[in-house]
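These numbers were taken from a predicted model, which means no experiment stands behind them. Residue numbers start at 1 and run along the sequence shown.
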Amino acid sequence: MQRIGEPVEVARVSLFLASDDSSFMCGSELAADGGQTIDTYTPFLPGAPEA
């Protein structure tokens, strides 16, 4: 995604996990990091904010 996440975006993940919408999830790990666990932040890509 090439941007720093907003606190509200992490809060939405928390709200989802606390809601009945996640009642069928079991033993899953959700990473609310905008893809940082699969790649590193590269600020030189077009549209990326300044680091």
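- The hydrophobic cluster containing Met25 also includes Val13, Phe16, Leu17, Leu30, under a criterion of side-chain heavy atoms closer than 4.5 Å among ILVMFWY residues, counted directly or through chains of members.
- Scored by the side chain to side chain contact (heavy atoms under 4.5 Å, CB included) test, Glu6 finds Val8, Glu9 as partners (sequence neighbours excluded).
- The side chain to side chain donor-acceptor pair (under 3.5 Å) contacts involving residues 15-34 comprise Asp33-Thr37, where partners must be two or more places apart or lie in separate chains.
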